[in-house]
Structures are given as C-alpha cells and as structure tokens.
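A short worksheet on the structure shown next.
Here is the naming used below: chain letters follow the sequence lines, and residue numbers restart at 1 for every chain.
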2 protein chains.
Amino acid sequence: MSTATPQQAPSVRETAEAWESLFRAQVAVMRRLQADPAFKELGMKEYDVLFTLSTCPEGGLRLNELNDHVLLAQSSLSRLVERLERRGLVARRAAPDDARGILITLTEAGLEAQRRIGRGHVREIARLFGSALDGDELAELTRLTTKLRQHVVQNHAL
Amino acid sequence: MSTATPQQAPSVRETAEAWESLFRAQVAVMRRLQADPAFKELGMKEYDVLFTLSTCPEGGLRLNELNDHVLLAQSSLSRLVERLERRGLVARRAAPDDARGILITLTEAGLEAQRRIGRGHVREIARLFGSALDGDELAELTRLTTKLRQHVVQNHAL
DNA sequence: TCAGGATACATGCATTTGCATCTATCTCCG
DNA sequence: CGGAGATAGATGCAAATGCATGTATCCTGA
C-alpha cells in the first residue's frame with residue numbers, strides 16, 4: 001500500500017519532544033476553554049458527544065463509534081449518554097442491523113444546544129489561537145495533526 | 001479563501017478546524033498510550049506529575065505550579081499528590097518562603113519510577129509517531145504547538 | 001498597622017469515572 | 001445446525017474528580 005518513505009525514522013528524542021509539546025499545548029488551550037462560562041451548562045465531554053453527533057447527522061452513531069472520539073472508558077460513555085438522554089439532548093434506539101447495538105441521535109434540543117454552545121466555543125478558540133498563529137501556520141498545524149491522527153488510527157488499532 | 005491576503009487574523013473557521021484536528025490527534029495518541037501496560041502501575045496523570053517534577057529537579061515545585069501542567073482541578077491535584085506521597089513517590093514539605101504553600105519533590109523511588117515508566121512511554125510514542133511524520137514535520141509540529149502554548153499562556157491568564 | 005481582600009492548599013460531599021463482570025447477540029467453523 | 005469465542009452495551013462498586021467551602025497565610029492601601 002504505502003511505498004516506504006526515503007527518510008529514516010525520527011529519533012525517539014524528536015518524537016517525545018513533539019508529543020510533549022502537542023500535549024502541553026492541548027492542556028493549555030483546554031484549560032482556557034473549560035473556564036468559559038458556556039461550559040457551566042454542559043461539560044466538555046458532553047459537548048464533545050453532541051458535536052460529534054452533529055457531524056454525522058443522518059442515522060446517528062453507535063456507542064462504540066462515539067467511543068473512538070472521546071477519551072472515556074466504554075462504561076463511562078455509556079452512562080454519559082444515559083445522562084444526555086435523561087436531559088433530552090440525545091435519543092437512543094436499537095440499531096437496525098445489530099440487536100446488540102444502540103444508535104444514538106441528536107434530538108432537536110440537543111442540536112440546538114450544540115449550536116448555541118458551539119458558537120461561543122468557536123469564538124473562544126479564535127480568540128485563543130488568533131494571536132498565536134497566522135493562517136499558514138494554522139493550516140500546517142491542521143495538516144500535521146490530521147496526518148498524525150490518521151496514521152495512528154490506521155496503523156495502531158486498539 | 002483569499003490567497004492574496006498575506007496573514008493576520010485567521011478566520012474563525014480556520015482556528016476551529018486547527019483546534020479540532022489538534023484535539024482529535026491528542027485523543028487518538030492518548031488512547032493508545034493509555035493502553036500500554038506500563039500505565040497499569042501508574043495512571044497517565046500520576047506519571048505526568050512525576051515527569052513534570054523530574055524536569056524541575058532542584059527544590060521541586062509548588063502545588064499551584066504543578067497545576068498549570070495538569071488538566072485537573074486544584075483539589076483533585078491536591079489529593080493526587082497526597083496519594084503519590086502515600087506511595088512514597090513524592091515528598092511534601094512546607095515552602096520556605098510562603099507558609100501557605102507546600103513544596104513537592106520526587107523521592108528516589110519516585111525518580112526511579114518516572115525513569116522506568118518513561119523509557120517504555122517514550123518508546124511507545126516513537127512507535128506511534130515514527131511512521132506518521134518525518135523529522136522535519138515533527139520539528140514543525142513541535143514549533144507550532146510550542147508557539148501556540150506560549151501565546152495562550154502569556155496572553156490569556158486564567 | 002491593620003482591615004479587607006487575595007492566595008495556597010485542604011476537606012466534605014455529590015457526581016463521574018474506570019475496572020471487572022454480566023447479559024445478550026453475533027460470527028465462525030466444525 | 002450448534003457450540004465456542006468475539007463483540008456491544010449495561011451495571012455493581014470502589015476510586016477519582018469537581019464544586020463549594022474552610023482555614024491559614026500573605027498582601028495592599030488608607
């Protein structure tokens with residue numbers, strides 16, 4: 001499938017440095033985002049679930065698919081979704097093709113909440129990132145992290 | 001998008017895309033790291049504290065300084081450190097210049113644990129990152145995330 | 001100098017999380 | 001077919017977390 005890249009594998013030192021830097025940046029940004037009053041109503045993880053569902057609108061997602069996007073144990077996500085359902089933000093129904101599975105979809109209220117919170121969220125991100133990186137740098141950051149994620153997901157199944 | 005516009009003021013869309021991509025990459029990598037058996041002995045957050053302490057060896061760190069590096073509420077970190085102390089991995093003593101503060105330092109056992117776990121950790125990171133990005137890309141990723149973190153920390157105090 | 005407010009950390013308590021395990025369903029291959 | 005193992009999701013329970021608040025100490029300005 002992939003022709004081997006001509007260059008040698010990067011050193012352990014380089015990779016560790018990159019991960020450390022990526023991780024710390026994520027922590028720094030996340031700390032500021034969490035402080036946003038918009039997340040009093042709904043935690044980051046809850047919002048993340050609503051957001052992920054909003055990007056795959058038709059038919060919703062299975063619990064295990066959702067689980068790939070969120071950093072939570074399966075049981076924790078199960079109960080998080082249960083809470084969202086109790087709040088009327090998502091609906092759960094049996095998956096059509098697999099009687100073991102459940103399909104989770106956004107309700108109208110859930111979609112509305114996602115959009116409302118998402119607007120403030122996105123504005124806050126722009127505020128944090130805007131002065132830090134220019135357009136080219138942002139594009140490059142997006143490219144690199146996307147490439148990293150894709151390789152990790154493809155070549156290192158859980 | 002305007003190719004003619006040089007830079008400054010990236011769009012909300014661009015920043016949101018970059019953050020989403022950065023965040024998802026972090027989740028994907030973190031998921032794999034957490035699966036490493038090395039983290040049965042000590043969770044990621046616990047390791048993160050030991051690692052942070054290991055990078056500032058002389059005199060240790062104050063609890064509130066530590067808190068800047070970890071994505072935990074102050075009370076949670078307080079108790080996390082308490083647990084590490086009970087396991088003999090860190091020591092807590094009164095800060096010399098401020099009677100309200102405590103200074104946290106690695107014990108010998110803590111340093112040993114950090115090094116031992118860190119070795120496997122770093123190897124696992126190299127395995128995940130190595131095939132994904134080449135040396136130049138890693139360096140650029142490091143540069144961009146470092147720049148992002150610095151700007152966020154400097155311009156957006158909590 | 002000292003009152004009012006800020007800061008550092010700890011603690012009570014309800015919520016959330018993860019691990020282990022359970023049930024139900026699916027898949028494969030004899 | 002049919003039984004062994006895999007997979008999806010739920011649940012009991014102990015541990016971890018966050019919020020609100022408490023206590024002690026520090027700082028500032030009148």
Rounding to an integer number of Å, can you tell me how far A/Leu72 CG sits from D/dA16 C1'? 13 Å

Rounded distance (Å) that lies between atom C1' of D/dA16 and atom CZ of B/Arg87: 13 Å

Ring centers of A/His69, A/Phe51 separated by less than 6.0 Å: no

In this structure, how many angstroms lie between the C1' atom of C/dG18 and the CG atom of A/Asn67, rounded? 12 Å

Hey, which sits more toward the 5' end of DNA chain C by its nearest nucleotide, A/Asp97 or A/Ala73? A/Ala73

Could you encode protein contacts along nucleotides 3-12 of chain D as a string, one character per nucleotide from 5' to 3', using B for base contact, S for sugar-phosphate-only contact and - for no contact, with a heavy-atom cut-off of under 4.0 Å? ----BSBBBB

Before you tell me yes or no, could you show the steps for A/Asp68 and B/Arg31 under salt bridge (Lys or Arg N to Asp or Glu O under 4.0 Å), namely the whole-Å CA-CA distance, both residues' side-chain angles and the distance that decides it to 0.1 Å? CA-CA 9 Å; A/Asp68 293 336; B/Arg31 267 200 164 294; 5.4 Å; no

Whole angstroms only, please: what is the CG-C1' distance between B/Leu66 and C/dT7? 17 Å

Could you give the CZ-to-P distance, from B/Arg86 to C/dA10, as a whole number of Å? 12 Å

Do A/His151 and B/Phe129 make the cut of ring centroids closer than 6.0 angstrom? no

To the nearest angstrom, how far is B/Ile104 atom CD1 from C/dA10 atom C1'? 13 Å

NZ/NE/NH1/NH2 to OD/OE distance under 4.0 Å, B/Arg92 and B/Glu82: no

Between P of D/dA15 and CG of B/Leu77, the distance in whole Å: 20 Å

Verify the distance criterion only: is there a donor paired with an acceptor across the side chains of B/Thr146 and A/Ser21 at less than 3.5 Å? yes

If I take atom CE in residue A/Met44 and atom P in nucleotide D/dC19, what distance separates them, rounded to the nearest angstrom? 14 Å

So what does B/Leu80 touch, heavy atoms closer than 4.0 Å: a base, only the sugar-phosphate, or nothing? nothing

If the cut-off is 4.0 Å, is A/Lys45 near the phosphate of C/dT17, judged by side-chain N/O to OP1 or OP2? yes

Exam field: side chain A/Arg127 to backbone A/Val122, donor-acceptor pair closer than 3.5 Å: no

Which pair of heavy atoms, one from A/Trp19 and one from B/Gln26, lies closest together, and at what distance? CH2-O, 4.0 Å

